Amino acid sequence: MIEKKVLPEEENVNKREESKKTDQEASRQVKVERLSREGIDLFPHNVKTTHSASDIVESFSPLSKEELEEKKVIVIVPGRIMSIRRMGRATFFHIADSRSRLQVYLREDKIGKKNYQLFSLVDIGDIVSVKGALFRTKTEELSVLAESFTFLAKCFHPLPEKWHGLQDVELRYRKRYLDLIMNPEEKEVFRFRSAMITDIKKFFDQKGYIEVETPMMHAIPGGALARPFKTYHNALGMDLYLRIAPELYLKELIVGGFEKVYEINRSFRNEGISSEHNPEFTMLEFYQAYSDYFDMMDLTEELINDLSLTLLGKEEITYGEHKISLKRPWKRIKFKDVLVEYSGLAPSRFQDRAGVMELASTLTSDKKSLSYGKALDVIFDKYVKQNLIQPTFVMNPPREVSPLAKASKESPDEAERFELVMAGMEIANAFSELTDPEEQKKRFTEQAEARKKGDEDAHWIDMDYVHALEYGLPPTGGEGIGIDRLVMILANRKSIREVILFPLLRPKE
RNA sequence: GGCCCGUUAGCUCAACUGGUAGAGCAGCGGACUCUUAAUCCGCAGGCUGAAGGUUCGAGUCCUUCACGGGUCACCA
């Protein structure tokens, strides 16, 4: 009885799946069955190849028709079929690898009637390897004259349109593989990203830094002002938080005697999603003993300028409608001056504290925890940031919003800290690290009070970290750079989702 | 979370003030041995994101919901 009840349901499930199949998928299924009947392995374990399509394009493009004919280069080349042009007893098709497309010319008289018939069961999207000699067509296109072909994988679904590619943004993010198959320029973005990270590592390695890995799961989330993701460790029976920043651990390594450390890895913040925010994002953080935030400014200029020269071969880049010059030196301006200069607000408006507080309170819903320092920060975000297109070091923000930075000697309300803003986006954040344990404890206590008042982003008290400081942290400059945003700027992409392979989306259905 | 916009064939897009849902590519069948967005002839493909409502009649108007994009808020 039970089995009978279960079975029809299963059948229904299968039927539903089958009825979901489109006519095109059904037709591919029929081909699969016919090929299997012919004893053809559609998913072989391996394949021997001699070249990739890119290899061939790179190595043989300079050769003329005659040179190719004379050399008789036989290749075995794999690739995904991107287009097919059948013309009776001859067929042209293109195969693609990660960089290049290569044309294949297939003739019935060359590969035999039987094989030519089998090829009629090949679809766009299938992965094959082709063996044959290189030649040039009448129109001079470098091509393979096929002697044989082998299935490497069957594609069960039709590919998106060959001319327009995949346009639907949602589909592009949900099925990134389709985006990558269809839109080669998207592949370039991720190739660029990879090259950039390689160069960053080279840059720091050459300067004597060591790359380290610190925990991603923290008992106390620290190093930034942000809301964390919470998780739970069963065996230890404890709550853990995904890190919001690696900062505190990296400074503990400086205490431990590594003078220069960096880490490139994910941090996680449980906050809104936007074209500039993904809940998990990649941050570069680096710390250098015996330096301060001025040294960090120099280093930052050098790094980003280097990256642009190495990867793009220029110092002037285009970002959307803006031209951005990365020529050194970059603008350095104090936080309080930038407010006056770029906010568009009358300087007099910053003269009385009450007026500033009032203005800020109209800009934010979070009024409970609004202090003077926070109020200035709110005004900066709302009125100033978007106007800073050229790279700008905004120096000495309020001390109150910088609980891990040294206070400025001359103006104790300010922090020895800067934010690097570019294209209206915050790219980096650095300070002369606060090294005095007593002062750090005081700052943490201030933060705890702010938290009590409802500031959910206030820093947690981390006595382990204070304890580490008690052993002596030398004067240290430290910085975090948002890698995703830096890729956005250098690769000219307007959304962070365009530079993260799998951005977070709500599951559909 | 607020507001605005979008969701139509596998893909890219049409469909006027409510009146029979269409094209290109892809697919299927046929012709074609140098094509390249191949060409030519023919065919098939849709519960218009989901659920309600208004109407003689809804892809189109209204409500709710889902997902996405933009923007504001939040957020370094």
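These numbers come from a predicted model, not from an experiment. We name chains A, B, ... by the order of the sequence lines, and we start the count at 1 in each one.
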**Message:** Quick check on RNA chain B: between Arg86(A) and Leu171(A), whose nearest nucleotide comes earlier from the 5' end?
**Reply:** Leu171(A)
**Complete:** By nearest-heavy-atom nucleotide on RNA chain B, the more 5' of Glu161(A) and Arg136(A) is Glu161(A)
Greater than 12 external heavy atoms within 6.0 Å of [X]'s [atom1]:
X	atom1	value
Lys71(A)	NZ	no
Met87(A)	CE	yes
Lys494(A)	NZ	yes

Rounded distance (Å) that lies between atom [atom2] of [N] and atom [atom1] of [X]:
X	N	atom1	atom2	result
Lys175(A)	G10(B)	NZ	P	12 Å
Arg174(A)	G69(B)	CZ	C1'	12 Å
Phe93(A)	A37(B)	CZ	C1'	19 Å
Glu141(A)	U35(B)	CD	C1'	9 Å
Ile84(A)	C32(B)	CD1	C1'	17 Å
Gln24(A)	A44(B)	CD	P	16 Å
Glu25(A)	A26(B)	CD	P	17 Å

Does [X] reach a base, just sugar-phosphate, or nothing at all? Heavy atoms under 4.0 Å.
X	value
Glu419(A)	base
Glu276(A)	nothing
Gly165(A)	sugar-phosphate
Arg101(A)	nothing
Leu159(A)	nothing
Tyr105(A)	base
Lys382(A)	sugar-phosphate
Ala224(A)	nothing
Asp168(A)	sugar-phosphate
Phe135(A)	base

Does [X] get its side chain close enough to the base of [N], under 3.5 Å, for a donor-acceptor pair?
X	N	value
Arg85(A)	U35(B)	yes
His277(A)	C75(B)	yes
Gln103(A)	U35(B)	yes

Phosphate-side-chain proximity, [X] and [N], N/O vs OP1/OP2 below 4.0 Å:
X	N	value
Lys162(A)	A37(B)	no
Lys31(A)	G27(B)	no
Arg107(A)	U33(B)	no
Arg497(A)	G68(B)	no
Ser27(A)	C28(B)	yes
Lys494(A)	G69(B)	no

**Request:** For G59(B) versus C47(B), give the span between their C1' atoms, rounded off to a whole number of Å.
**Result:** 12 Å
Using purine N1 to pyrimidine N3 plus N6-O4 or O6-N4 for Watson-Crick, or N1-O2 and O6-N3 for G-U wobble, both under 3.5 Å, which nucleotide pairs with [N]?
N	answer
U33(B)	none
C43(B)	G27(B)
G1(B)	C72(B)
G6(B)	C67(B)
A21(B)	none

**Asked** Hey, are Glu141(A) and His94(A) close enough side-chain-wise for a donor-acceptor pair under 3.5 Å?
**Response** yes
**Asked** Do Lys406(A)'s NZ or CZ and the ring of Tyr293(A) fall within the cation-pi criteria of under 6.0 Å and 45°?
**Response** no
**Atom pair NE2/CG of His322(A) and Asn492(A) - distance to nearest 0.5 Å** = 10.5 Å
